[in-house]
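Everything on this sheet refers to the single structure shown next.
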Amino acid sequence: MRIASYNVNGVVNRLPQLCAWLDVTQPDVVCLQELKCTTAAFPRRELKALGYEALVHGQATWNGVAILVRGAVPLETRRGLPLAKGEPADTQSRYLEAAVNGIVVACLYLPNGNPWPGPKFDYKLAWFKRLNRHAASLIKTGHPLVLAGDFNVVPTDADIYSTASWKDNALLQPEPRAAWRALLKQGWTDALKQQFPDKTPYTFWSYLRNRWPRDAGLRIDHVLLSPPVSKRMMEAGVDKALRGIEGASDHAPLWVELAD
DNA sequence: ATGACATAGTGTCTATGA
């Protein structure tokens, strides 16, 4: 079974590229981020024509996440992260969770937190804390789990071409990196790092400053596996070529192949 | 190398992304 994650940067505008990729790679489960459309505007019919059922948590203009499953309807287990006592409701559509073929799959789009410092960075850290709290409760169940999405954190300086232009960027700050390490310490396996421990591939290349042709990338999209799923991992990778096609998203999809 | 790009809606400009 193949589970993929792809920040599409606008699912309506990106539909031709998304469909071409689905058609070629045929993932069984796909976590999409940055839909930038309402749940009603999501292109269900076009994806259904390719054999995919969709669970959608949309929002006008910004954010938005969805889970696609080939040939089956995903069973929703959660929409939005649980709130701590007194915490205000989250109006941003960034978390969706579903049961698929015996695995609970969480699709997430963590806030980018720029500019740093500031209220958006504070929101990022609060969101990350909420995610870690929920992830801890999930992994404690021992159930097969996958957390996939755009975490908006570059885990280490080895996960970026150069830190020079990014020193003041929210993606590289010590606090989100510490939150990332705390999350992994719960027992999650970083699938891409597991597959490529020395040179872990990038998943994002900015549109600006010729960064794609220069391979000036960042690793900010991640797939995390709980222990029972980690045991089943056969392979993981990044479909890097999709970043180079006409009208590409600034992210490339990543995926993990699991034994049945 | 803080953007020379790309996105969607409020729309020929603004806010946002990372």
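- In this structure A:R130 satisfies the side-chain hydrogen bond (donor to acceptor under 3.5 Å, both in side chains) test together with A:E87, A:D90, sequence neighbours excluded.
- Counting only residues at least two apart or on different chains, the side chain to side chain donor-acceptor pair (under 3.5 Å) pairs with a member in residues 137-151 of chain A are A:N7-A:D150.
- Phosphate contact (OP1/OP2 of B:dT7, side-chain N/O of A:R14, threshold under 4.0 Å): present.
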Per-nt protein contacts along nucleotides 10-18 of chain B (heavy atom under 4.0 Å; B base, S backbone sugar-phosphate only, - none) come out as -----BSSB
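- With pairs defined as Watson-Crick or G-U wobble and both atom distances under 3.5 Å, the stems of at least three pairs that touch DNA chain B come out as B:5-9 with B:13-17.
- Applying the ring-ring contact (aromatic ring centres under 6.0 Å, His included) test to residues at least two apart or on different chains, the pairs with a partner in residues 219-253 of chain A are A:F151-A:H222, A:W180-A:H222, A:F204-A:H251.
- In this structure, the ring-ring contact (aromatic ring centres under 6.0 Å, His included) partners of A:W212, at least two apart in sequence or on a different chain, are A:W205.
- With DNA chain B read from its 5' end, the first of the two nearest nucleotides for A:N9 and A:S206 is the one closest to A:S206.
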Run the side-chain donor-acceptor check on residues 94-107 of chain A: report pairs under 3.5 Å with partners two or more places apart or on a different chain.
| from | atom 1 | to | atom 2 | distance (Å) |
| --- | --- | --- | --- | --- |
| A:R94 | NE | A:Q92 | OE1 | 2.8 |
| A:R94 | NH1 | A:Y109 | O | 3.0 |
| A:R94 | NH2 | A:N63 | OD1 | 3.2 |
| A:R94 | NH2 | A:Q92 | OE1 | 2.8 |
| A:Y95 | OH | A:E97 | OE1 | 2.5 |
| A:Y95 | OH | A:H134 | NE2 | 3.4 |
| A:E97 | OE1 | A:H134 | NE2 | 2.8 |
| A:E97 | OE2 | A:T77 | OG1 | 2.8 |

Got a list of side-chain donor-acceptor pairs under 3.5 Å for residues 41-51 of chain A, not counting sequence neighbours?
| from | atom 1 | to | atom 2 | distance (Å) |
| --- | --- | --- | --- | --- |
| A:R44 | NH1 | A:A54 | O | 2.8 |
| A:K48 | NZ | A:E53 | OE2 | 2.5 |

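- Legend: residues meeting side-chain contact (heavy atoms from CB on, under 4.5 Å) with A:W62, ordered by chain and number and at least two apart, are A:K36, A:Q59.
- B:dT16 and B:dG11 have their P atoms separated by 16 Å, given to the nearest Å.
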